[in-house]
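All figures in this text were calculated on a predicted structure; none of them were measured in a lab. In what follows, chains carry the letters A, B, and so on, assigned in the order in which the sequence lines appear, proteins first and then strands, with residues in each chain numbered from 1. Computation of the quantities below employed the complete heavy-atom set of this structure, encompassing side-chain atoms and omitting hydrogens, waters and symmetry-equivalent molecules.
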Amino acid sequence: MTIPAPDFDLEMTLNCGQVFHWRKYRDGFVGTIGDLALYAEQGERALKVRFGGTPKPARGTRALPGIVARYFSLDHPLKEICASFPDDPTMNKARDFCRGLRIIRQPKWECLATFICSSMKQVAHIRQISCALRKRYGGKAMICGITIYHFPAPELVATATENGLRKCALGYRAKNLLATAKRVASGEADLEAWSALSGDELRARLCELPGVGTKVANCVMLFAYGRITAFPIDVWIERVLRQTYFARKRKVTPRRLAEFTAEYFGPHGGYAQQYLFHHARSTKNSQRHPQRSRRTLKKSPER
DNA sequence: CTCCAGGGATGAT
DNA sequence: ATCATCCATGGA
């Protein structure tokens with residue numbers, strides 16, 4: 001099946017650090033969208049997809065393109081969004097580099113759980129945790145003859161033990177994930193109903209969950225609730241912001257950074273953030289690392 | 001405000 | 001083969 005997808009780069013979108021379970025396969029990727037299993041491949045201004053799953057998708061084949069288009073946010077006016085970014089050298093480089101990158105709409109629980117696991121972890125490690133959770137607790141599906149796993153529902157994770165979760169390399173995050181799963185499974189935390197909340201209220205609700213602070217809450221708002229104004233500040237973004245917009249200013253508090261980003265990057269700040277993030281990470285080896293020790297710096301070859 | 005647990009991958013030596 | 005570095009939350 002072919003789905004029209006102008007201004008879309010599948011590889012960029014899946015590898016920019018917003019989602020962690022897609023696996024390279026042949027000329028495309030295999031993964032899940034909720035309870036759908038699929039293969040997706042970049043085409044000319046289009047997405048070529050193949051659906052799998054056991055049993056066959058229950059809903060009509062007619063509904064499937066819409067589900068894929070919604071997941072990849074093909075409805076976002078990407079040209080307008082990019083045009084709204086501030087015009088400065090750093091932002092312009094990131095915008096050119098990340099052409100076709102879209103902020104996707106992930107299932108809320110899956111996104112929340114994954115980002116609770118992401119704390120103090122690097123992207124490569126988050127991938128492993130996400131896949132281990134799926135393999136141990138999630139349901140199986142087949143696509144293109146290979147086995148993949150769905151993300152386990154909150155009810156399933158809630159019945160796990162902390163030790164079982166620790167076997168998925170969660171470390172101290174196991175306790176937080178378990179506690180949050182119980183709140184979501186019991187209905188005490190109603191992730192779907194929270195869609196109706198304002199940004200500030202939604203962030204406050206999310207931050208009440210164990211293992212969720214401002215950064216994780218903003219990631220969930222951006223990647224699952226479609227709040228494209230949300231601006232998660234991790235170490236990468238903080239580095240970019242400080243170097244680019246606060247050069248040789250001391251004492252820039254997190255509060256100050258948050259106020260600046262909301263004002264400077266505007267209503268599509270989340271997009272700007274992801275572009276800056278992905279560009280900084282992708283070019284890390286061609287830049288001098290600012291926090292390398294003096295000893296390392298002296299010995300390393302000039303480049 | 002500061003300090004620090006936590007743990008596995010990743011990269012340098 | 002060792003050693004340093006990366007990372008967010010939450011509690012002291």
Side-chain angles (χ1 to χ4, degrees), chain A residues 15-21 23 110-136 157 161-184 189 202-224 230-243 249-258 261 270 273-274 276-303:
Chain A
N15 284 337
C16 72
Q18 59 176 329
V19 64
F20 302 98
H21 76 275
R23 260 170 51 195
E110 175 182 321
C111 183
L112 171 64
T114 305
F115 276 92
I116 286 174
C117 299
S118 80
S119 85
M120 284 292 284
K121 287 290 179 195
Q122 285 156 289
V123 171
H125 204 175
I126 302 167
R127 296 193 109 94
Q128 296 179 47
I129 293 175
S130 161
C131 291
L133 280 174
R134 286 167 179 269
K135 197 159 190 177
R136 190 175 174 90
V157 178
T161 62
E162 194 184 319
N163 266 335
L165 293 173
R166 276 180 178 270
K167 294 215 172 76
C168 303
L170 268 75
Y172 63 92
R173 297 158 201 81
K175 192 190 273 284
N176 290 334
L177 181 62
L178 185 56
T180 292
K182 283 177 177 168
R183 286 205 209 171
V184 174
L202 175 57
R203 187 178 299 103
R205 285 271 93 80
L206 289 167
C207 284
E208 288 170 4
L209 298 170
V212 181
T214 309
K215 191 268 176 181
V216 170
N218 278 324
C219 285
V220 176
M221 289 173 68
L222 180 57
F223 302 135
F231 198 105
I233 299 181
D234 73 317
V235 290
W236 286 93
I237 285 298
E238 187 166 337
R239 220 173 276 152
V240 172
L241 293 177
R242 284 180 188 280
Q243 283 170 14
K249 288 242 176 72
R250 292 143 80 260
K251 277 219 279 264
V252 183
T253 61
R255 165 126 198 140
R256 200 78 216 280
L257 280 179
T261 57
Q273 176 276 154
Q274 201 61 26
L276 291 171
F277 176 85
H278 186 52
H279 181 240
R281 278 180 47 81
S282 302
T283 58
K284 63 179 165 180
N285 292 325
S286 56
Q287 296 168 7
R288 189 177 290 288
H289 234 240
Q291 73 276 36
R292 276 199 303 189
S293 74
R294 191 171 288 143
R295 187 172 54 82
T296 314
L297 212 64
K298 202 166 20 183
K299 285 185 149 178
S300 77
E302 206 53 46
R303 61 157 294 124

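Taking side-chain N and O atoms only, Gln128(A) has no distance below 4.0 Å to OP1 or OP2 of dG8(B). For Arg239(A), a side-chain nitrogen or oxygen approaches OP1 or OP2 of dC7(C) to under 4.0 Å. Side-chain nitrogen and oxygen atoms of Trp236(A) include at least one within less than 4.0 Å of the OP1 or OP2 phosphate oxygen of dC7(C).
Minimum interatomic distance between Arg203(A) and Asn218(A) (heavy atoms only, all atoms of both residues): NE-OD1, 2.9 Å. The two residues Cys117(A) and Leu133(A) have their closest heavy-atom pair at SG-CD1, 3.9 Å. The heavy-atom pair separating Gln274(A) from Phe223(A) by the smallest distance is OE1-CZ, 3.3 Å.
Minimum atom distance to the side chain of Arg173(A) is reached by dG7(B), of the listed dG7(B), dC6(C), dT10(B). Listed nucleotides dG7(B), dC7(C), dG8(B) differ in distance to Arg166(A); the shortest reach to its side chain belongs to dG7(B). Which of dA9(B), dG7(B), dG8(B) sits closest to the side chain of Met120(A) comes down to dG7(B). Taking the side chain of Gln122(A) as heavy atoms from C-beta on, and the options dA9(B), dC7(C), dC6(C), the nearest nucleotide is dC6(C). Picking from dC1(B), dT10(B), dG7(B) the nucleotide with the shortest atom distance to the side chain of Thr253(A) gives dC1(B).
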Side-chain donor-acceptor distances from residues 168-177 of chain A under 3.5 Å, at least two apart:
| residue | atom | partner | partner atom | Å |
| --- | --- | --- | --- | --- |
| Arg173(A) | NE | Ser119(A) | O | 2.7 |
| Arg173(A) | NH1 | Leu170(A) | O | 2.7 |
| Arg173(A) | NH2 | Ser119(A) | O | 3.0 |

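Rounded to an integer number of Å, the gap from NZ of Lys175(A) to P of dG11(C) is 11 Å. When rounded to the nearest whole Å, the span between OH of Tyr172(A) and P of dG8(B) equals 12 Å. Here dT5(C) presents its P atom at 19 Å from CZ of Arg281(A), a figure rounded to the nearest Å. Atom NZ in Lys251(A) sits roughly 10 Å away from atom P in dC1(B) (whole-Å rounding). With rounding to whole Å, Lys121(A) atom NZ is found 18 Å from dT5(C) atom P. Here dA5(B) presents its P atom at 17 Å from CG of Asn176(A), a figure rounded to the nearest Å. In this structure, CZ of Arg127(A) is placed 15 Å from P of dC7(C), rounded to the nearest angstrom. Between Leu170(A) atom CG and dT9(C) atom C1' the separation is 14 Å, expressed in whole Å.
At least one side-chain heavy atom of Arg166(A) sits less than 4.5 Å from a side-chain heavy atom of Asn163(A).
dG11(B): Watson-Crick or G-U partner is dC3(C), with both key distances under 3.5 Å.
Screening Pro232(A), Ser118(A), Cys111(A) for a side-chain contact (heavy atoms from CB on, under 4.5 Å) involving Cys219(A) leaves a single residue, Pro232(A).
The ring of Phe231(A) has its center no closer than 6.0 angstrom to the ring center of Phe277(A).
Taking a 4.0 Å limit (strictly below) on heavy-atom distances, residues 206-223 of chain A reaches DNA chain C at Leu209(A), Pro210(A), Gly211(A), Val212(A), Gly213(A), Thr214(A), Lys215(A), Val216(A).
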